[in-house]
There are 2 protein chains.
Amino acid sequence: MIVSIDYESDTPLYTQLYDEIVRGIASGRLESGENLPSVRSLAGDLGINLHTVNKTYQLLKQEGFVHIHRQKGAVVQPAGSLPVTDAFRTRMERQLESLASEALCRSMREEEFLERCRSAYRSIRPQARDTHEGGRER
Amino acid sequence: MIVSIDYESDTPLYTQLYDEIVRGIASGRLESGENLPSVRSLAGDLGINLHTVNKTYQLLKQEGFVHIHRQKGAVVQPAGSLPVTDAFRTRMERQLESLASEALCRSMREEEFLERCRSAYRSIRPQARDTHEGGRER
DNA sequence: ATGTTTGTTATACACAAAGCATAACAGATA
DNA sequence: TATCTGTTATGCTTTGTGTATAACAAACAT
């Protein structure tokens, strides 16, 4: 698993790490049942503190993306096992409306806005044709 | 102009204020050439410090949403005057991919994802039919 | 001219978040 | 038993957020 961290970014390290792992799960690069590296080894590879990685893992556990067993480490949950919660819906709506507002201020038309949304979605799983229920990976 | 601030939110006050004003401009509720309230009066109305409002105005000025003249205060720039910068494109792409990743993990299909994007866009300007070039407001 | 309102700048302070360092504990495994 | 795992506990520094107070300069109304 390759993760890249940007120390210049203004987004916290644990948030960057969280986003990258969620993306990995969504893309299928991190398969269900796979083990994430231990907090110590990942922290060592990235050159950051163990607690920063641990904070990321706690968030992932809290959101249901991984389960954590002692000694086995963090294991990726099946992608379809997570529901679309109200909290996620609300957060998504808020972020989208914020983006749409700025896009409108820059006179980006609905077409282009939606095209960018579509290409963002497809950039995560370029190979997926219709992957909603079954969970067929490859 | 009505702005609501949530003190319980984890997003900073100046960011909330920024988002609300940008939304106001995008929606047309804040028209081009209109004056924003002074930093002191808005701070007074919201019950927050003048510097917090000033920080928001500085951000808005920096991004080109308003111009600031002494004594006249902050005036809203015409909505079409802002270009789609590379910085905005990059930020939009990053946020969309992050949202799409989580949506995919929750097995939200492309249809629903795009439908939510569309409804977010339209919720900003419910009346706009095709407002791309001319800047016809009403 | 004078006083008021405007944005602007400068300090200082309190509080929380982020990140790091170090250490220790408990469970699982070889 | 030794080693790896996640976990918890302190302590510390740096940065971001928000407030408080004060002062300055430009524009405007009287």
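Predicted model only: the values in this text are computed from it and were never measured. Throughout, a chain's letter reflects where its sequence line sits, starting with A, and its residues are numbered from 1.
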Distance in angstrom units between B:D10 CG and C:dA18 C1', rounded: 15 Å
Atom NZ of B:K72 to atom C1' of C:dT8: distance rounded to whole Å? 17 Å
Whole-Å distance, A:H67 NE2 to D:dT5 C1', equals 18 Å
Just compare C:dC20, D:dT21, C:dT8 and give me whichever is closest to any side-chain atom of B:I68. C:dT8
Examine D:dT19: is either OP1 or OP2 under 4.0 Å from a nitrogen or oxygen in the side chain of B:T52? Give yes or no. yes
Any side-chain N or O of A:Q58 below 4.0 angstrom from OP1/OP2 of D:dG6? no
Separation of A:L46 atom CG from C:dC20 atom C1', in whole Å? 15 Å
With the side chain defined as heavy atoms from C-beta on, B:S38 is closest, among C:dG7, C:dT8, C:dA18, to C:dG7
Taken to the nearest whole Å, CD1/A:I48 to P/C:dA21 is 11 Å
Within this structure, what is the OH-to-P distance between A:Y18 and C:dA18, rounded to whole angstrom? 14 Å
Counting the atoms with a prime plus P, OP1 and OP2 as sugar-phosphate, which does B:L50 contact under 4.0 Å by heavy atoms, base, sugar-phosphate, or nothing? nothing
Side chain of B:R40 - closest among D:dG18, C:dA18, C:dG7: C:dG7
Strictly distance-based, threshold 3.5 Å: is any side-chain N or O of B:T56 a donor or acceptor partner for the main-chain N or O of B:Y14? yes
Show the numbers, then the answer: is there a side-chain contact (heavy atoms from CB on, under 4.5 Å) between B:F113 and B:L104? CA-CA 9 Å; B:F113 182 77; B:L104 269 161; over 6 Å; no
Would you tell me if any nitrogen or oxygen in the side chain of B:K55 comes within less than 4.0 Å of OP1 or OP2 on C:dT9? no
From C:dC20, C:dT9, C:dT6, pick the nucleotide closest to the side chain of A:N49? C:dC20
Rounded to the Å, how far apart are B:L42 CG and C:dG7 P? 10 Å
A:Y57 has an atom OH; how far is it from atom P of C:dG19, in whole Å? 16 Å
Counting side-chain heavy atoms from C-beta on, which of C:dG19, D:dA20, D:dT17 comes nearest to A:Y14? C:dG19
Should the pair B:R116-B:E112 be classified as a salt bridge under the 4.0 Å nitrogen-to-oxygen rule? yes
Contact nearer the 5' end of DNA chain C, comparing A:L13 with B:H69: B:H69
Check: D:dT7 base within 3.5 Å donor-acceptor of A:H51 side chain: no
Would B:V53 and B:I48 satisfy side-chain contact (heavy atoms from CB on, under 4.5 Å), going step by step from the backbone distance to the final call? CA-CA 8 Å; B:V53 178; B:I48 63 179; 3.8 Å; yes
If the cut-off is 4.0 Å, is A:N54 near the phosphate of D:dG6, judged by side-chain N/O to OP1 or OP2? no
Distance-only polar pair, side chains of A:S98 and A:S101, donor-acceptor under 3.5 Å: no
